[in-house]
There are 4 protein chains.
Amino acid sequence: MDTENDGAPRGRGRRHGAAPPASERRDALVRLAAGLFAEQGFQATTVRQIADQAGILSGSLYHHFDSKESIVDEILSSFLDDLLRDHRAAVADGGDPRRLLTELIAVAHACLEPHRAAITVLQNDRCYLRRLSRFDYLDRAEREVRRIWTGVLRDGQDRGAFRSDLDPGLTYRTARDAIWATARWYRPDGPLDTGDLARHFTRVLFDGIVPEQHT
Amino acid sequence: MDTENDGAPRGRGRRHGAAPPASERRDALVRLAAGLFAEQGFQATTVRQIADQAGILSGSLYHHFDSKESIVDEILSSFLDDLLRDHRAAVADGGDPRRLLTELIAVAHACLEPHRAAITVLQNDRCYLRRLSRFDYLDRAEREVRRIWTGVLRDGQDRGAFRSDLDPGLTYRTARDAIWATARWYRPDGPLDTGDLARHFTRVLFDGIVPEQHT
Amino acid sequence: MDTENDGAPRGRGRRHGAAPPASERRDALVRLAAGLFAEQGFQATTVRQIADQAGILSGSLYHHFDSKESIVDEILSSFLDDLLRDHRAAVADGGDPRRLLTELIAVAHACLEPHRAAITVLQNDRCYLRRLSRFDYLDRAEREVRRIWTGVLRDGQDRGAFRSDLDPGLTYRTARDAIWATARWYRPDGPLDTGDLARHFTRVLFDGIVPEQHT
Amino acid sequence: MDTENDGAPRGRGRRHGAAPPASERRDALVRLAAGLFAEQGFQATTVRQIADQAGILSGSLYHHFDSKESIVDEILSSFLDDLLRDHRAAVADGGDPRRLLTELIAVAHACLEPHRAAITVLQNDRCYLRRLSRFDYLDRAEREVRRIWTGVLRDGQDRGAFRSDLDPGLTYRTARDAIWATARWYRPDGPLDTGDLARHFTRVLFDGIVPEQHT
DNA sequence: CATGAATGAGTATTCATTCAT
DNA sequence: GATGAATGAATACTCATTCAT
């Protein structure tokens with residue numbers, strides 16, 4: 001599907017799945033827009049701000065992109081492509097639930113740096129974007145990620161690796177929210193890298209904040 | 001050049017702290033706006049949508065409020081007033097850090113239902129609102145809440161109630177984000193009430209998801 | 001004409017000539033509005049400002065007045081009634097042109113204090129008001145005043161009292177503008193009263209600023 | 001949070017002194033707006049009227065200007081730049097007070113035609129504009145002009161060129177008001193040009209309307 | 001007489017997008 | 001590829017006025 005229009009300069013009519021026409025200029029614009037979206041939110045960022053920062057006029061952006069939405073589409077789909085790929089890979093071979101969950105946490109944290117903008121946009125503007133059919137893939141991806149996490153959690157409960165009195169769906173949502181919310185304040189040049197954050201989070205999630213001998 | 005408004009119904013010139021002029025109609029409008037802000041975000045909600053849902057014209061809203069901002073101000077300051085009051089009360093008498101932290105978690109979860117709109121707005125539109133000097137109290141409140149949580153956490157570490165290898169600031173942020181993010185999906189008519197959520201969250205935070213005999 | 005409706009509380013449909021229903025409250029409101037119109041201009045003053053300063057709600061003003069225009073109508077027609085009456089009286093008995101002109105200058109200056117608001121409104125908002133047929137009397141009054149002044153000036157030229165090389169219309173306009181513009185900066189509590197201003201102006205107009213022996 | 005606009009057509013963030021981005025279209029719009037401001041006043045003129053007369057939509061004006069205020073700013077600052085420059089030049093070399101004052105009167109009248117709109121706006125809307133800090137330069141310019149006129153007048157009094165019983169400040173204000181008020185009725189296509197007006201005014205101001213032998 | 005709630009037509013301004021040059 | 005000028009629909013907000021209570 002969607003074979004026509006390949007190689008055309010604009011992304012008109014393109015759907016998620018067909019790669020957008022690559023170009024250095026275009027990539028730079030996407031990165032630039034991503035930064036603004038992350039700082040201010042998608043809706044709150046104007047195409048003029050993007051154009052201003054690129055040193056061109058706002059109308060000129062439309063030589064590279066169909067619309068403001070198509071820019072954010074590129075940012076979001078790239079994030080979700082990576083996220084899903086790494087999630088699937090993490091659980092592909094099955095194995096110890098603790099190891100798998102540790103891996104999923106690491107995978108999510110690993111997205112914080114390269115995909116900070118996408119994560120921020122999803123948190124701030126998801127309720128707006130999901131109303132547009134073009135972004136149906138957002139919910140599809142979320143559902144698959146949820147299935148993977150809750151699968152691992154349930155499997156761990158069955159095998160006795162995780163407490164059986166926990167609600168897997170609730171636990172997943174708590175973990176997911178805590179991780180993605182990090183994007184709001186995480187700064188790559190701070191004292192902690194995303195690996196540190198993942199390790200800290202894993203420890204708290206697995207063993208809690210209470211020392212073991214205490215209970 | 002704003003003239004004072006003795007007895008006038010609009011909230012012109014009021015500051016945070018002075019009670020807004022009470023009125024049933026006004027309260028109903030605030031609740032109505034809160035619902036829309038929570039669903040769509042503050043910026044994405046138009047005064048016309050609020051007025052439409054109230055069955056009046058958008059200009060008529062300004063009989064009751066100065067501005068769209070003053071509506072959200074009322075919603076947010078009411079939330080933060082409650083939140084700070086309950087936080088201060090929770091730690092007022094000091095005592096066992098585990099009990100205090102349990103209490104803080106309960107206090108935060110107790111806000112999920114009455115202040116869902118405010119919490120959602122703060123997550124979606126904080127980066128916009130904090131630029132307005134009128135909302136300086138947002139950061140002030142956040143700092144005080146953070147001080148209270150990290151104080152309890154540090155005290156617990158000193159007394160051996162909490163693991164000493166955790167970063168109190170990081171732990172606070174993780175907990176905070178996980179709790180407030182709940183407002184995005186929590187529905188009062190669902191199977192779980194906010195007490196259940198608080199208990200679930202407390203258990204995971206204290207003891208982790210791994211059964212004790214496991215490690 | 002216009003005999004019906006006398007004694008009715010509101011001025012509805014009333015035309016210039018029929019006295020508005022007197023009332024202390026009403027007069028106080030007119031004076032109050034006059035002050036605001038003088039400070040800010042008619043268009044720039046809102047009925048809410050008037051009501052605020054009267055300590056009532058803006059809607060309540062409409063128990064006393066038909067409209068904002070009817071308030072300014074009262075202010076303006078009162079001024080022009082006085083101005084025309086005094087102009088007519090000043091030239092009624094004819095006589096020495098210098099004396100008559102001195103008298104006209106005095107009459108105009110005498111209006112500065114009691115009718116400062118009307119004069120200011122006429123300068124700031126005349127181009128707006130004259131488009132409304134209700135204010136046709138503004139131009140009628142201006143024409144009569146001009147006739148009186150230029151009559152005196154021409155008569156003075158004929159009799160050798162005023163230089164014959166001056167354009168009476170131009171001289172009238174210059175004098176008129178200089179006098180009315182005074183309303184913009186004149187303050188009753190300043191060091192000069194309107195009599196001083198009239199004398200200063202008369203001297204400059206009659207003899208110029210150059211000492212006589214100089215030329 | 002306004003981003004800089006390198007090369008962008010709008011005048012965003014410019015200050016008085018920095019030349020606005022020149023453009024034929026833009027200049028035409030300014031002239032067009034000036035005409036409307038002069039006829040109706042600044043506040044009473046809507047951006048829609050300006051746009052209508054330019055044959056574009058009101059929003060399209062904002063491609064060229066930041067705001068309605070920035071349009072009038074351009075009109076006013078252009079006038080005051082010229083006025084101050086010519087005033088300074090007129091008195092730069094000092095000399096006979098009568099010659100200097102004649103020159104100042106000529107300079108002011110010479111502004112009537114090219115800057116009629118600015119003069120009219122200043123008379124009608126000054127009390128509104130001066131409240132905006134952006135227009136602080138209005139008062140600064142007025143003060144300098146006043147200093148120049150009263151300096152010449154006082155100097156003339158000292159040298160016996162002007163009557164010593166006149167109040168220089170009062171005389172300045174009278175002259176200023178009479179000259180600027182001319183802008184309200186002066187039409188370039190009338191029988192008198194601004195030179196005629198200046199000469200007429202100079203004669204009345206210097207020698208009065210009474211023939212010399214008369215007194 | 002006054003209030004409180006509303007109307008309706010208007011205001012300046014914003015912004016994604018289009019398109020001839 | 002970019003510009004410069006525009007569109008059109010939306011935005012928050014204002015204000016004179018009305019009227020049931």
Side-chain angles (χ1 to χ4, degrees), chain A residues 9-10 23 25-26 29 43-51 54-71, chain B residues 7-10 21 23-26 29 43-51 54-71, chain C residues 9-10 23 25-26 29 43-51 54-71, chain D residues 7-10 21 23-26 29 43-51 54-71:
Chain A
R10 295 209 201 177
S23 136
R25 187 92 178 96
R26 188 189 162 91
L29 290 170
Q43 290 186 90
T45 300
T46 71
V47 294
R48 257 203 71 183
Q49 290 173 323
I50 302 171
I56 58 177
L57 290 179
S58 62
S60 306
L61 275 179
Y62 290 80
H63 285 284
H64 303 278
F65 306 98
D66 258 22
S67 65
K68 195 183 160 190
E69 275 166 24
S70 79
I71 304 179
Chain B
R10 289 212 212 175
S23 139
E24 274 185 43
R25 186 85 180 102
R26 188 187 164 93
L29 290 170
Q43 289 187 91
T45 301
T46 69
V47 293
R48 262 200 62 181
Q49 290 172 325
I50 301 172
I56 58 177
L57 291 176
S58 66
S60 305
L61 275 178
Y62 291 80
H63 180 63
H64 303 277
F65 306 99
D66 259 22
S67 64
K68 195 182 157 189
E69 275 169 24
S70 80
I71 305 179
Chain C
R10 297 209 200 176
S23 137
R25 187 92 178 96
R26 188 188 163 91
L29 290 170
Q43 290 186 92
T45 301
T46 70
V47 295
R48 257 203 72 183
Q49 290 173 323
I50 302 171
I56 59 178
L57 290 178
S58 62
S60 306
L61 275 179
Y62 289 80
H63 285 285
H64 303 279
F65 306 98
D66 260 22
S67 65
K68 195 183 162 190
E69 276 166 22
S70 79
I71 304 178
Chain D
R10 289 215 212 173
S23 138
E24 274 186 45
R25 188 83 179 101
R26 187 189 165 93
L29 291 170
Q43 289 188 92
T45 301
T46 69
V47 293
R48 263 199 62 181
Q49 289 173 325
I50 302 171
I56 58 176
L57 291 177
S58 65
S60 304
L61 276 178
Y62 290 80
H63 179 64
H64 303 276
F65 306 99
D66 258 23
S67 65
K68 195 182 157 189
E69 274 168 25
S70 79
I71 304 179

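Since this is a predicted model, take the numbers as computed values, not measurements. In what follows, chains carry the letters A, B, and so on, assigned in the order in which the sequence lines appear, proteins first and then strands, with residues in each chain numbered from 1.
Going from atom CZ of D:Arg25 over to atom C1' of E:dA20 covers 15 Å, rounded to whole Å. Counting to the nearest Å, the P atom of E:dT7 and the CG atom of B:Leu57 are 4 Å from each other. In this structure, NE2 of D:His64 is placed 15 Å from P of E:dT14, rounded to the nearest angstrom. Taking atom CD of residue B:Gln49 and atom P of nucleotide F:dT11, one finds them 7 Å apart after rounding to whole Å. As rounded to whole Å, 11 Å separates atom P of F:dA2 from atom CZ of A:Phe65. Distance C:Leu61 CG to F:dT18 P: 13 Å, rounded to the nearest Å. Per the geometry, NE2 belonging to B:His63 stands 18 Å off P belonging to F:dT17, to the nearest Å. When the P atom of E:dA5 is taken as reference, atom CD1 of C:Ile56 falls 17 Å away, rounded to whole Å.
Residues passing the side-chain hydrogen bond (donor to acceptor under 3.5 Å, both in side chains) test with D:Ser67: none are found, sequence neighbours excluded. Take A:Thr46 and apply the side-chain hydrogen bond (donor to acceptor under 3.5 Å, both in side chains) test, not counting sequence neighbours, and it matches no residue. With sequence neighbours left out, C:Ser58 forms a side-chain hydrogen bond (donor to acceptor under 3.5 Å, both in side chains) with no residue at all.
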Note to self: Just to be sure I follow the notation: if a pair is Watson-Crick (purine N1 to pyrimidine N3 plus N6-O4 or O6-N4) or a G-U wobble (N1-O2 and O6-N3), each under 3.5 Å, what dot-bracket string does DNA chain E give, with | for pairs to another strand?
What the structure shows: .||||||||||||||||||||
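In this structure, C:Lys68 and C:Thr45 approach most closely via the heavy-atom pair NZ-O, 2.8 Å. The shortest heavy-atom contact between B:Ala44 and B:Gln49 is O-OE1, 3.7 Å.
Separating the NE2 atom in A:His63 from the CZ atom in A:Arg26 is a distance of 13.5 Å, to the nearest 0.5 Å. Note: A:Leu29 CG to A:Ile50 CD1 = 8.5 Å, rounded to the nearest 0.5 Å.
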Next item on the list: I would like to know whether B:His64 and B:Arg25 meet side chain to side chain contact (heavy atoms under 4.5 Å, CB included); could you show each step before the answer?
Entry: CA-CA 9 Å; B:His64 303 277; B:Arg25 186 85 180 102; 3.6 Å; yes
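Between D:Ser60 and F:dT7 there is a side-chain polar atom (N or O) within less than 4.0 angstrom of OP1 or OP2.
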Detail all sub-3.5 Å separations between protein N/O atoms and N/O atoms belonging to nucleotides 10-13 of chain E.
{"residue": "E:dA12", "atom": "OP1", "partner": "D:Thr45", "partner atom": "O", "Å": "3.4"}
{"residue": "E:dA12", "atom": "OP1", "partner": "D:Val47", "partner atom": "N", "Å": "3.1"}
{"residue": "E:dA12", "atom": "OP1", "partner": "D:Lys68", "partner atom": "NZ", "Å": "3.3"}
{"residue": "E:dA12", "atom": "OP2", "partner": "D:Val47", "partner atom": "N", "Å": "3.1"}
{"residue": "E:dT13", "atom": "OP2", "partner": "D:Tyr62", "partner atom": "OH", "Å": "2.2"}
{"residue": "E:dT13", "atom": "OP2", "partner": "D:Lys68", "partner atom": "N", "Å": "2.8"}
{"residue": "E:dT13", "atom": "O5'", "partner": "D:Tyr62", "partner atom": "OH", "Å": "3.1"}

